Amino acid sequence: MPLVKSGQIVEDRYVRALDDAPIPDGAPVIVQAARFLADAAELVARDAPIGVLWPNDRRVAELAPWLDELALVALHFPKFKDGRAYSQARLLREHYGYRGELRATGDVLRDQFQFLLRAGFDSFEVRKPADALVFAAAAARYSVFYQPSADGRPPALRRRLQHGGSPAVRTREAV
Amino acid sequence: MTSPLDQKIKITGPVVVTANRVGDGAVVYRRADGGWSTRLPEAAVTSNVATAREFIAAAVADDLRAVGPYIAPVKLTADGGVQPGNLRELIRLGGPTIDLPVTF
Amino acid sequence: MYLYDDLDRTLVAERVADFRDQVGRRLSGELTEDEFKPLRLMNGVYLQLHAYMLRISIPYGTLSSAQLRKLAHVARTYDRGYGHFTTRTNIQFHWIKLEQLPNAMADLASVGMHGMQTSGNNVRNVTTDQWAGVAPDEIEDPRIYAEVIRQHVTLHPEFSFMPRKFKIAVGSAAHDRAALRIHDLALRLHRNGAGELGFEVMVGGGLGRTPFLAKTIKPFLLKRDVLSYVEAVLRTYNQFGRRDNIWKARIKILVHDLGAEAFAKEVETEWRTIKDGPLALDNAVFAEIAGRFRYPDYVPLDDAPRALAEARRADRAFDVWFGNSVTNHKVPGYCIVTLSLKPEGGTPGDATAEQMDAIADLADRYSFGEIRVGHEQNLTLPHVAQRDLPALWRKLADIGVATPNVNLISDIISCPGLDYCSLANARSIPIAQQIASRFRDRNLARELGRLHINISGCINACGHHHVGHIGILGVEKNGEEFYQITLGGKADEDAKLGTLIGPAVPFAQVADVVEDIAAAYVELRERPDELFIDTVQRTGVEPFKERVYATR
């Protein structure tokens, strides 16, 4: 499963220590939510980056006290049709101001790259290698967006207002 | 939705495997040679659960040519003909039961 | 009309390119059907019994003549020469080929049309009153707000994979013509005690297997907050709506399970964190959107001109049609004309390519190039000069869209049913045709007055049977088609769900049952002008039930 960051396929430097697997010394590691919350103070005090694998049915508010120390939050898409992690991503970025790596895991496919980027994800465990190869093109399919989101791009409405608003079509009839 | 392979196959009479053709959506029936036909009489008919299971497994694997395969009942006529087994299948084969809007 | 600019056009064109790529990958086998299905659904492409079906979005039911002509072109070029207008004010084509879909989409894109979000678990076409902008009883044109929301939810990165579909309606008139209470989210523009304009917010309405009327969770929301509040509702639903059971995934179940108050509290908490962010709207935004709506250059005309009165006296058929299909306009000398797509023997909501072309021409000549689609599956010419009515009527009659049955018993709302739909359990259209034929006597139909029949071919309720004055639901019993009858439903400002009157009746008896119900009404009503729905409300369903089942 290739990992894509900044539009490039890169090597994953994180080790996953799932369940009770031992945590290797000095290596970046990802642990599951329950384990992280149980030992958070200890885990963030390690001298290597720490990441958490967060399920899509648990409120991200629980992570809020630790977001400054977390190097990575991995959110999960059990099926690409299950879009709960999009809301979690936006909450982390826009409400809690999380600036670390936000990784999409699970059923991550090319037709969702742009949505994921716009929701604030910046790394992607892509399910199909062929999709990872076309990441850049797939992520640039659209150039116009109607809504503001975590990626900071101005929506169409604001772009229009910056360019002087609607053409003088005709003012509305007084109602 | 449960995959057709996981569904319990209940058969009370002769059945065929039917689906829609990927390119144009046309109603098609699975032939014994593994191909698909728009003509019901060319369909492979079985009344045997194991055979029906084989048919549907092969049809599901043929995702590139046919979409949404399932097992549908048919009626066999005295002269060996095959007819749709219920109203839904009758409509799929013969089209809507109402007059279509007149054009041109 | 809302005028698309380069940004809107670019997005639609990018969508066509995106979909062309996806179709290519499906046809080459790179995508399995499981992977492709949600992608095609996001573009309004279903697989029905006979073929693929393409559903095209008609935002808030407003069409230009150029768009209607393009729909005629698509019907003729890629389909079988007709289209079907739906209760969501969209149009669908039932015989589309997947291989040709990208080209059909590209043709539609040339007039700013597309199938985006006419299916899938996203926000569907935002609907409103089909008389928006011209109705005398409205506060403001609700389409401005519908358009603000339409833009915001189009290809929304967070809300494209929600638990289930999500339908929004906006109303702003005293009389609810947008069926607000049967929507997942509805906004009703009104003035508060201080004279400010704002919205009443209702959530959790919907029909289907578990029908609910929407509950008010915020009596007054300032206009500036409309997007942030919608966002908060969608975010709450996206995170907490059920995903384990498709029948319990709509927001109505979440609202019901949590309770409207607890749901409102959850939304309110989220909303407070975002209300003053980038989604807060100012007057510049509303002015920008409003500025893109083109309104006709009405000319000063006499109201109720003498020529019209003379034409009505001279021709009884014209007078009947006028009394039935013509409605008051907010501008003197103009009127709103409803075109019935319910001719006897026809399919409710169907129009041929020839009819669409002809209606587009008539819209250019008589209605400033504008056409509306209503959830009742009829079309409207919204800006007709009253003096033009006699000439217009003749032309409408020539193309078969002047049946004077609007709001009468044969103006039946119907889903496509088992004749087309892969979800249906029973046919709807033949039932509609039988009933229309039974009441072909126009005097009889007029005698019965306003009476809405809604037919659905399955529990998904696309024909809105729960809110029909007479609701008819097709079910299957041992391989036979049966129909459950409900009475007393309505979708207006006093919305109610209908009451089941008894056991389902077989296909062949439905028209008889409707006839019995009509006869019972004529006997039960207190005055000739007591409407059917009012009689049912006054008496309850019992006397109707007795009449229907006495001999069955």
Side-chain angles (χ1 to χ4, degrees), chain B residues 1-6 10-15 17-29 36 38-40 56-57 59-75 83-104, chain C residues 23 26-37 45-53 75-76 80-84 94-101 246 343 345-347 350-355 400 416-422 424-430 432-433 476 479-481 507:
Chain B
M1 193 154 153
T2 328
S3 142
L5 294 179
D6 301 337
K10 269 193 286 179
I11 293 181
T12 54
V15 296
V17 166
T18 181
N20 292 77
R21 197 155 58 195
V22 168
D24 62 0
V27 173
V28 286
Y29 304 93
W36 296 89
T38 54
R39 299 189 56 246
L40 179 57
I56 191 75
V60 167
D62 198 6
D63 184 70
L64 185 52
R65 289 195 293 177
V67 46
Y70 63 94
I71 294 168
V74 290
K75 286 177 193 152
Q83 285 178 356
N86 59 32
L87 178 62
R88 177 189 159 94
E89 292 307 319
L90 195 69
I91 291 172
R92 283 182 79 239
L93 180 67
T97 62
I98 43 167
D99 293 334
L100 301 187
V102 183
T103 56
F104 307 108
Chain C
V23 170
R26 172 67 183 123
L27 293 173
S28 74
E30 214 178 315
L31 288 176
T32 64
E33 179 63 16
D34 269 359
E35 291 165 340
F36 179 63
K37 186 177 172 184
V45 180
Y46 285 77
L47 184 67
Q48 294 290 41
L49 291 184
H50 313 287
Y52 291 96
M53 180 195 96
R76 204 177 275 125
R80 297 198 177 175
Y82 66 98
H84 176 74
H94 285 122
W95 304 92
I96 286 277
K97 296 179 168 67
L98 184 62
E99 301 144 337
Q100 297 185 342
L101 260 165
I246 190 173
T347 294
D350 274 11
T352 66
E354 287 72 14
Q355 286 174 323
L418 189 58
D419 283 295
Y420 292 99
C421 179
S422 60
N425 294 318
R427 287 172 291 167
S428 307
I429 300 165
Q433 292 176 339
E476 189 233 294
E480 302 286 323
E481 297 165 288
F507 182 86

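Per chain, numbering begins at 1; letters A, B, ... match sequence-line order. Since the structure is predicted, the reported quantities are computational estimates derived from the model, not experimental observations.
- B/R65 does not touch chain C: none of its heavy atoms, backbone or side chain, sits under 4.5 Å away.
- Looking at C/L31, only its backbone comes within 4.5 Å of chain B, counting heavy atoms on both sides.
- For C/Q100, no part sits under 4.5 Å from any heavy atom of chain B, backbone or side chain.
- Residue C/L47 holds its CG atom at 12.5 Å from CZ of B/R21, rounded to the nearest 0.5 Å.
- Only the side chain of C/T347 has a heavy atom closer than 4.5 Å to any heavy atom of chain B.
- Distance check, rounded to the nearest 0.5 Å: CG of B/L100 to NE2 of C/H94 gives 11.0 Å.
- Taking every heavy atom of both residues into account, B/V22 and C/Y52 meet most closely at O-OH, 2.6 Å.
- Only the side chain of B/N20 comes within less than 4.5 Å of a heavy atom in chain C; its backbone stays farther off.
- In plain terms, the two heavy atoms of C/S422 and B/R88 that are nearest each other are O-NH1, 2.9 Å.
- The backbone N or O of B/G23 lies less than 3.5 Å from no partner atom in the side chain of C/R26, so there is not a single donor-acceptor pair.
- Considering OG1 of B/T97 and CG of C/L418, their distance stands at 8.0 Å, rounded to 0.5 Å.
- For a residue to count as touching a neighbouring chain, one of its non-hydrogen atoms must lie under 4.5 Å from one of that chain's; by this rule C/I96 touches chain B with the backbone only.
- Side-chain atoms of C/D419 and B/I91, non-hydrogen and from C-beta on, do get closer than 4.5 Å to each other.
- Atoms CG and CG, on B/L93 and C/L49 in that order, are 12.0 Å from each other to the nearest 0.5 Å.
- Here the closest non-hydrogen pair linking C/H50 and B/R92 is ND1-O, 3.7 Å.
- In this structure, the side chain of B/D24 does not engage the main chain of C/K97 through any donor-acceptor pair within 3.5 Å.
- B/I98 places none of its side-chain heavy atoms less than 4.5 Å from the side chain of C/R427.
- Using a 4.5 Å cut-off between heavy atoms, C/E481 contacts chain B through its side chain alone, with no backbone atom that close.
- Rounding to the nearest 0.5 angstrom, the gap separating the CD atom in C/E33 from the CG atom in B/L64 is 11.0 Å.
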